[in-house]
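One structure is given below, encoded as C-alpha cells.
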Amino acid sequence: MAHTDQQNANSLNSEPTHIDGSYLVSLSFARAGVDRMFGVVGIPVTSVANHALALGIRFIGFHNEQSAGYAASAYGYLTGRPGVLLTVSGPGCVHGLAGLSNAGVNAWPMVMISGASDQRDFGRGDFQELDQIGAVKPFSKFSAKASDISQIPNCVFQVLNQAVSGRPGGCYLDVPTDVLHQSISKSEAEKLLAEAEVSSKQEANETVDYAKIEKAVSLLRHAERPLIVFGKGAAFARAEDPLKRLVETTGIPFLPTPMGKGLLPDTHEQAATAARSLAIGRCDVALVVGARLNWLLHFGEPPRWSKDVKFILVDISEDEIELRKPEVGLVGDAKRVLEMINKEIKDDPFCLGKSHSWVEAISKKTKENVSRMEAQLAKDVVPFNFQTPLRIIRDAILALGSPAPILVSEGANTMDVGRSVLIQTEPRTRLDAGTWGTMGVGLGYCIAAAVASPDRLVVAVEGDSGFGFSAMEVETLVRYQLPVVVIVFNNGGVYGGDRRRAQEIVGPYKDDPAPTSFVPGAAYHTLIEAFGGKGYLVGTPDELKSALGESFSARKPAVINVTIDPYAGVESGGMQHKN
Ligand code: ADP
C-alpha cells in the first residue's frame, strides 16, 4: 500500500546498525502505509515527526492539537484510511481528545499517538504526567501502550487496524519517553515489523444473510411510498455507484443526510431534499443506508416520521441494528449490501415511474419549495442577510464545475441556511459540524481536505464564532500554501452579536458585553494578511463576487470577511427548542 519511493526510503539498508524508538514509531507507520500525519511537536515527540518526514510521511504541523485532531479525523473520513494525530504528553494529549472523540462520534477512522512521561518517573510528578490510557478510554474504541521498544511495530499495526475494522472510530497509542529513547538493532526491528505485518492481515469475514436481502427488496417492491435515505457511512463506503443504480432503476425518491449530500447530485430529479418533511413524514418503507436514526433523523419516530413506517437499515455495525430494531437489518458494508440488493432486483426489476402518485407528490412539493426559495434568493439584500451571500457563493462554486471543491461548513445560521442553499454534486465534498454539532472543526477540516484531495479547491463557509475557535490555523494554510478560501460570515457574535433585550441581563455585570457578542466589525481578513495570505473585506454583492472570482482562481490561502447584518440570524440556528 505504500508508494514505491516510500518503500525505498523505508528500507533499512543504510548506517547505523541500531535505531531508536522514535524512528521505529515512524518506520512502523510508514510500513503500514501511512503517508500523512497531523500534529504539534514538542517533548518527547519532535524526532518522531522528523523521522516521519525522512521516511516520506508528510507531517503537517499545527498550532493546537485540537485542530490537528479534527484534521486527522476528517482525513480518515475522506480517504478511508486512519488519519494520524501526533501529540506531546499530558496537555497535548488532552487537547487531542477533541479530535479523538470527534472521530468516534462520527464513526471516522483515526489514530492518536501521544508521547508520555518516563515510566520510571510516573506517579512522582513527572513533566506533563497523565494517565493517558485512562484519559482516552471514554473517547477511543481501542488503545495500546508500548512499554518496550519491541512492542512498537505490533502496537502501531494494531491501532491502525482497529480504527478501520467494523464501525470506524478513534484509537490511541501511548509511547513513553523512555521507550522512544530505547534502541534496537535494525535486524531485530525488521523481524518485529514483519511479524506485525503478518499478524495484522485480517480476512474480511462478512456474510450478509441473503434471505434478508430478499425481504428488503420485497418490502421496497411492494411499498406505496418508498424512500432511500443515505448518510456519511454510505459516503465512507464509497457506495455512490450501486446507490445511483438502485435509485435510477427503481425510481425511488432519495434523501441524503447533510454529509450524505453529493453521493448523488442535489440536482438529481429524484432528490427529495427540498421536500424533506413530506418525504419522511409520509414514506411507508425507508431504506436507510449508513445513517443513524439519531437526532439528525428525528430518531425515526413520530411526529416527524409516520408511526407505521418500516425501516430497512444497512449498517456496518451490528450494535446499531440492535439499537434501532428495524423491520429488516442488514449488517455489512454499504457498497456491498447495495450491490446485493441491485443483483436481487435485476432478475425482476420494478420502477415507480414519474407518474406514480408518490413520485409526483414529492416532485411537486420539491418544485414548489425550490421556487419559493429561489424567489427569496434572487433578492440582493444589503446589509447582507445569510441568503444573499450564500447564493453568490453557491453560484461561484457551481461555476467551477468538476472536480467540485470540498465545502467545509460550520456555524449556527451559516451552516443551517447554507445546507439548503449550497449544492453538492460530488461524493464526499461536504464536511460540517457533524453528529456532535461540533463548532471549531472548520480550519482542521480545511487542512485535511486540502491534503487529502490536492486536485480540489477547499471552500469554508463559517460563522465568525466557528472560525474563532481555530483562527490561528490560517497561518498553517499559508505555511503549506494550501488552496483554501475561508469565508467568514461576520455578524459580530454567536447567533449575531449583542442580541439582549434590556430585561434579560441584570446585576453588577449587566454592562459587560453580552455572552453572544464579539467585537463588532472584527477585521478577520487581516489575520491571514499577518502571515502573507490574502484577505478581503466585503459587504456588497459586487465586492463578494470579485473576491470569490479572484481567490478561487488564485487557489491560494485567503480569508473573505463578509459583513452580515447582526440582526439577520436567529438564536440557535434552526434548533431553538434545544436552547
Ligand atoms: P449521518 O450523520 O450522515 O446521518 P451517521 O454518522 O449517523 O451518518 O451514521 C453513519 C453510519 O454508517 C454509522 O452507524 C456507521 O456504523 C455506518 N458505517 C460506517 N462505515 C460503514 C460502511 N462501510 N458500510 C455501512 N455502514 C457504515
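Both ligands and their constituent atoms are indexed starting at 1 by order of listing.
In this structure, Leu278 and Ala361 approach most closely via the heavy-atom pair CD2-O, 3.7 Å.
A donor-acceptor pair under 3.5 Å is formed between the side chain of Glu473 and the backbone N or O of Asn64. Trp305 places a side-chain N or O within donor-acceptor distance of the main-chain N or O of Leu297, the cut-off being under 3.5 Å. With Asn369 contributing its side chain and Ala275 its backbone, the two residues share no donor-acceptor pair below 3.5 Å. Using a distance-only test at 3.5 Å, with no hydrogens or angles considered, no donor-acceptor pair links the side chain of Lys310 to the main chain of Ala223. Put simply, the side chain of Asp266 gets close to the backbone of Gln424: a donor and an acceptor are under 3.5 Å apart. A donor-acceptor pair under 3.5 Å links the side-chain atoms of Glu410 to the main chain of Gly442, judged by distance alone. Checking side-chain atoms of Asn102 against main-chain N and O of Tyr70 turns up no donor-acceptor pair under 3.5 Å. Arg428 contributes no side-chain N or O that, together with a main-chain N or O of Leu78, makes up a donor-acceptor pair within less than 3.5 Å.
Of the protein's non-hydrogen atoms, the one nearest atom 12 (O) of ligand 1 is Gly233 CA, 3.2 Å. The nearest protein atom to atom 15 (C) of ligand 1, hydrogens excluded, is given as Asp315 OD1, 3.4 Å; this is a heavy-atom distance. In terms of protein heavy atoms, atom 4 (O) of ligand 1 is closest to Thr257 CG2, 3.3 Å. The protein non-hydrogen atom at the shortest distance from atom 2 (O) of ligand 1 is Lys232 NZ, 2.7 Å. Considering only non-hydrogen protein atoms, atom 18 (N) of ligand 1 sits nearest to Ile316 CG2, 3.5 Å.
For Val289, no heavy-atom contact with ligand 1 is shorter than 4.0 Å. At a heavy-atom distance under 4.0 Å, atoms from both the backbone and the side chain of Arg292 approach ligand 1. Proximity of Ala239 to ligand 1, defined as any heavy-atom pair under 4.0 Å, is not found for any part of the residue.
Short contacts between ligand 1 and Pro168, defined as distances under 4.0 Å to a heavy atom of the residue, involve ligand atoms 19 (C), 20 (N). Here is the list of ligand 1 atoms found below 4.0 Å of a heavy atom in Arg167: 13 (C), 14 (O), 15 (C), 16 (O). Which parts of ligand 1 touch Phe236 is read off a 4.0 Å heavy-atom cut-off, strictly below it: atoms 20 (N). For ligand 1, the atoms closer than 4.0 angstrom to any heavy atom of Asp333 are 22 (C), 23 (N), 24 (N). Within ligand 1, the atoms closer than 4.0 Å to a non-hydrogen atom of Gly290 are 8 (O), 9 (O), 10 (C), 11 (C), 12 (O), numbered from 1 in the order shown. Within ligand 1, the atoms closer than 4.0 Å to a non-hydrogen atom of Asn294 are 7 (O), numbered from 1 in the order shown. For ligand 1, the atoms lying closer than 4.0 Å to a non-hydrogen atom of Gly231 are 3 (O).
For Glu318, the CD atom sits in a loose shell: 12 or fewer heavy atoms of surrounding residues, nucleotides or ligands are nearer than 6.0 Å.
Residue-to-ligand polar distances keep Glu320 apart from ligand 1: every N/O pair is separated by 3.5 Å or more. For ligand 1, the polar-atom distance check against Ser317 finds no nitrogen or oxygen pair separated by under 3.5 Å. Annotation: Ala334 places an N or O atom under 3.5 Å from an N or O atom of ligand 1; distance criterion only.
Residue-ligand proximity: Gly332 is placed with a non-hydrogen atom under 4.0 Å from ligand 1.
Under a 4.0 Å N-O distance rule, the pair Asp348/Arg221 qualifies as a salt bridge.
Below 30°, between 30° and 60°, or above 60°: for Phe254 and His268 the angle between ring planes is above 60°, a perpendicular geometry.
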